[in-house]
Engineer: 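After the structure tokens below, expect a handful of questions from me.
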Amino acid sequence: SHIPLHRRLTSKFIAMAIMFTLVPLFFIYFFSAETASNALIDSLRTDLQEKTFLVGADIDRLLEQRLHEIRILSQADVLEGDDATAITKYLNETHRESIYLDSIEVIGRDELIFAGSGSTDEKGLNILSLHPGLEAIFNHALDGKQGDVFVSEATELDSGLGVAFLTPITDESNTIVIKILLTEVNLDVVRKIISDFDERII
């Protein structure tokens, strides 16, 4: 069928008008969506960085608190004496009050466990035979001074994967190292902080 010229021109103008209207809308939609997507990604990235910083701060705070706690524990007068029963009682009381310390032991300069919290099965055993990975920091602790704290690499301890904190126990003059205080912190505590962080991110 023959379509009159004016109708064909009208159809073309309508098609061109639609094209000129839709093309800008398409570009506006595309770039708006792209901009919104980038803004969302930037927002998520910033949020993730902030939360990662907070998790790191939580872990730092946990370890700093343990360092402070261990320094205080090591300066108890009872640890300077040779009464193993009194020392064991002190360690057990301390262990019950701290949910983060999995084990507390007092070790002589001869590397033998003098007293410990909880089970006394390890009393008299050589700490470096039980945990050879602690040899370097044990020797550092023997040469240290009151208030020094030495932290092990992550290693298998009595309570599972954890880190050991060793600090000197000094005599009344606070200058001569007579024993070593060893505390264990299980890394499940750190894992829980990270797990809570993962749940918040999700």
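Sequential numbering from 1 along the given sequence is applied to the chain's residues. No hydrogens, no waters, no symmetry mates; every other heavy atom, side chains included, goes into these values.
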Engineer: Applying side chain to side chain contact (heavy atoms under 4.5 Å, CB included), name anything that partners A154, two or more places apart in sequence or on another chain.
Structural biologist: L161, L187
Engineer: Can you list the residues that meet the side-chain hydrogen bond (donor to acceptor under 3.5 Å, both in side chains) rule with S98, with sequence neighbours excluded?
Structural biologist: E69
Engineer: Please list all pairs passing the salt bridge (Lys or Arg N to Asp or Glu O under 4.0 Å) test where one or both residues lie in residues 71-82, with sequence neighbours left out.
Structural biologist: none
Engineer: Is F165 close to L63 at the side-chain level, that is, under 4.5 Å between some pair of heavy atoms?
Structural biologist: yes
Engineer: In Å and rounded to the nearest 0.5 Å, what is the CD1 to CD1 distance from I169 to I87?
Structural biologist: 7.0 Å
Engineer: Output all residues satisfying side chain to side chain contact (heavy atoms under 4.5 Å, CB included) with D171, sequence neighbours left out; order by chain, then residue number.
Structural biologist: S173, T175, I176, I178
Engineer: Write down the atom of K179, the atom of G81, and the distance for their closest heavy-atom approach.
Structural biologist: NZ-O, 2.8 Å
Engineer: What pairs meet the salt bridge (Lys or Arg N to Asp or Glu O under 4.0 Å) rule with one or both residues in residues 86-98, with sequence neighbours excluded?
Structural biologist: none
Engineer: Report yes if some heavy atom in the side chain of L73 is under 4.5 Å from a heavy atom in the side chain of L79; otherwise report no.
Structural biologist: no
Engineer: Could you report the tightest heavy-atom contact between G124 and L112, atom names first, then the distance?
Structural biologist: O-CD2, 3.6 Å
Engineer: Could you work out, with side-chain hydrogen bond (donor to acceptor under 3.5 Å, both in side chains) as the rule, every residue matching N139, not counting sequence neighbours?
Structural biologist: none
Engineer: Looking at every heavy atom in both S117 and N92, which two are closest together, and how far apart are they?
Structural biologist: CA-OD1, 3.1 Å
Engineer: What pairs with Q65 under side chain to side chain contact (heavy atoms under 4.5 Å, CB included), at least two apart in sequence or on another chain?
Structural biologist: R61
Engineer: May I have all residue pairs that pass salt bridge (Lys or Arg N to Asp or Glu O under 4.0 Å) and include part of residues 128-149, sequence neighbours excluded?
Structural biologist: K145-D148
Engineer: Applying side-chain hydrogen bond (donor to acceptor under 3.5 Å, both in side chains), can you list everything that pairs with N126, at least two apart in sequence or on another chain?
Structural biologist: E111
Engineer: Kindly give the heavy-atom pair with the smallest separation between A84 and K123, and that separation in Å.
Structural biologist: CB-NZ, 3.6 Å
Engineer: What are the two closest heavy atoms between P168 and A141, and how far apart are they?
Structural biologist: CG-O, 3.3 Å
Engineer: Nearest 0.5 Å, what's the NE2-CD1 distance between H68 and I72?
Structural biologist: 4.5 Å
Engineer: Kindly write out the residues that satisfy side-chain hydrogen bond (donor to acceptor under 3.5 Å, both in side chains) with D83, not counting sequence neighbours, or none if the list is empty.
Structural biologist: none
Engineer: Who else is in L130's hydrophobic cluster (ILVMFWY, side-chain heavy atoms under 4.5 Å, direct or via others)?
Structural biologist: I107, I113, L125, I127, L128, L134, I137, F138, L142, F150, L166, V177, I180, L182
